[in-house]
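Here the structure is laid out as C-alpha cells; the discussion comes afterwards.
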Amino acid sequence: MKAVKSINTQSSHDHNNGKVVENPWSDLRRFTDARIGLGRAGISLPTSEMLAFQLSHAQARDAVNFPLDISEMTKTLSAIDVLSEVEKPLSVQSEAVDRVTYLQRPDLGRKLNQAGRTTLLNTMQSRQNSTQAQYDLAIVVVDGLSSLAVQKNAAPFISELLKQLPTEPSPYKIAPITLVEQGRVAIGDDIGELLNAQVVMVLIGERPGLSSPDSLGLYLTWEPKTGLNDACRNCISNIRPAGLSYFEAARRAVYLLQEAKKCGLTGVNLKDRTQDDVIEHQVQTTNFLIAE
C-alpha cells in the first residue's frame, strides 16, 4: 500500500510540474514581439515557446547567411514608376570575396572592390560627368547582415521615399541605384564619392534579432568620401511592417535630407526633430512604478 501511495503521489507531482502555468504578463504580448509572459512548465519553458525560440533562431541565422537575390532586386526596383526614368540599377561587390570572409573581416566589407570601382567609373564617364556633384542623392542597397530585410523592405521603402521627396523648387537628381553584395555601411562612402553625389543613402540589412530577422537600417551621409566614420551619419533603424512603417521612415528621411542640404552636414550635429511636436504636446503622466 505504501508503494502504491508513493507512486500515485509521484505521478500527481509530475502531472502538476508538466502543466503550463500562465504568466500574468502574457496579455501584454499583443503589444510587442518581445518574448515576455511565456509561462512555464515546471521550471522550464512550455514546449511551444521553446520551439518558437528555435524557429526564430534559425530564421536569424538564415537571414545572415542567405545571399541577396540581385536579379530579383533589380527587377523589383526597375518596376518602380519613378525609377523607370533612372538608369538600371548597378551591381557591385565589396572586397570580401565570400560570406565567410565578410563575417570574419568587417574591414573588407567597407571597401568597394576594383571591379566595382571600374563599373561606377565607366558609368560616370558614359555620362560625361564633371568633378562637381552631379547627383543630389545616391541610394545604395546593401545586403549587410540580413539579406531578408533588404529583399522584403528596400523596394517598398524606396517607392514611398520617392513619393515624398519634394519636387519644388526642383526635383532631386537621383543617381542609378547601386546594389552591393557583402557590404557594410561605410561602403556607401566609396560609392557616393565615385558617383559625385551630394548625399548618399545606404539601405542595409541590420543584425537580425530573435524577433526581427528582417529589420532594414538607413544611413545618411553628407558629401560622402572614403575615410568618414559613423559620427558623420544619421541613422533610421528598424524599417519593416512590424517596426517603423515605410511612410514614417520616409517622412523622417526626407526631413533629414532637407536639413542636411540646408545645414551642409549630417551626423551628430544634425538632429531628427520630426518627433518634437509629439514630445511637446505629450500629456504629463505619473510614473506607475512610484505612484502611490
Side-chain angles (χ1 to χ4, degrees), residues 66-96 99 102 109-129 133-165 171-206 214 216-221 224 236 239-240 246 249-250 253-254 257:
F66 281 178
L68 179 65
D69 190 335
I70 296 294
S71 176
E72 183 63 28
M73 278 299 301
T74 300
K75 291 179 182 178
T76 304
L77 291 171
S78 299
I80 298 176
D81 291 339
V82 181
L83 293 180
S84 61
E85 303 174 2
V86 181
E87 189 174 325
K88 181 181 177 181
L90 306 172
S91 178
V92 298
Q93 187 169 333
S94 74
E95 290 186 353
R99 200 60 178 172
Y102 170 80
R110 301 184 183 109
K111 304 173 185 176
L112 195 61
N113 66 10
Q114 189 55 50
R117 289 181 176 276
T118 301
T119 297
L120 297 183
L121 287 172
N122 289 341
T123 298
M124 299 303 284
Q125 289 176 358
S126 68
R127 290 175 171 251
Q128 299 180 343
N129 243 5
Q134 174 71 19
Y135 297 110
D136 297 311
L137 175 64
I139 300 176
V140 180
V141 179
V142 187
D143 52 6
L145 288 169
S146 174
S147 61
L148 175 65
V150 174
Q151 209 83 51
K152 289 177 60 176
N153 301 312
F157 168 76
I158 291 173
S159 179
E160 182 60 41
L161 174 73
L162 296 178
K163 292 177 184 177
Q164 295 192 33
L165 279 178
Y172 274 71
K173 297 178 182 177
I174 301 175
I177 291 181
T178 307
L179 303 177
V180 185
E181 293 181 273
Q182 320 295 7
R184 303 274 178 172
V185 173
I187 202 169
D189 297 339
D190 282 1
I191 295 171
E193 185 176 23
L194 289 169
L195 291 177
N196 290 328
Q198 195 173 51
V199 182
V200 65
M201 176 185 292
V202 174
L203 300 176
I204 188 168
E206 296 181 324
D214 59 347
L216 185 72
L218 180 156
Y219 293 83
L220 278 178
T221 309
I236 300 174
I239 303 171
R240 61 192 184 104
Y246 303 134
V254 169
L257 280 169

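FYI, the numbering just counts along the sequence from 1. The basis for the numbers below is simple: all heavy atoms, side chains too, and nothing from hydrogens, waters or symmetry mates. Note that this is a predicted model, so its numbers are computed, not measured.
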Determine whether [X] and [Y] make a side-chain contact, defined as any pair of heavy atoms from C-beta on separated by less than 4.5 Å.
| X | Y | answer |
| --- | --- | --- |
| Leu137 | Met201 | yes |
| Val199 | Asp136 | no |
| Leu148 | Phe66 | no |
| Val150 | Val142 | no |
| Arg110 | Ile187 | no |
| Asn196 | Tyr135 | no |

From Val92, Ile191, Leu112, residue fulfilling side-chain contact (heavy atoms from CB on, under 4.5 Å) relative to Arg117: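 Testing each of Val92, Ile191, Leu112 against Arg117, the sole residue satisfying side-chain contact (heavy atoms from CB on, under 4.5 Å) is Leu112.
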Is a side-chain N or O of [X] found less than 3.5 angstrom from the main chain of [Y], in a donor-acceptor match?
| X | Y | result |
| --- | --- | --- |
| Gln151 | Asp69 | yes |
| Thr221 | Pro224 | no |
| Ser78 | Thr74 | yes |
| Asn153 | Asp214 | yes |
| Glu72 | Lys75 | no |
| Ser159 | Ile80 | no |

For residues Pro156 and Tyr246, report the shortest heavy-atom separation together with the two atoms involved. CB-CE1, 3.5 Å
Could you pull out the closest heavy-atom pair between Val200 and Gly188, with the gap in Å? CG2-O, 3.6 Å
Scan the side chains in residues 171-184 for donor-acceptor partners under 3.5 Å anywhere in the protein, sequence neighbours excluded, and list what turns up.
unit_1: Gln182; atom_1: OE1; unit_2: Arg99; atom_2: NH1; d: 2.9
unit_1: Arg184; atom_1: NH2; unit_2: Tyr102; atom_2: O; d: 2.9

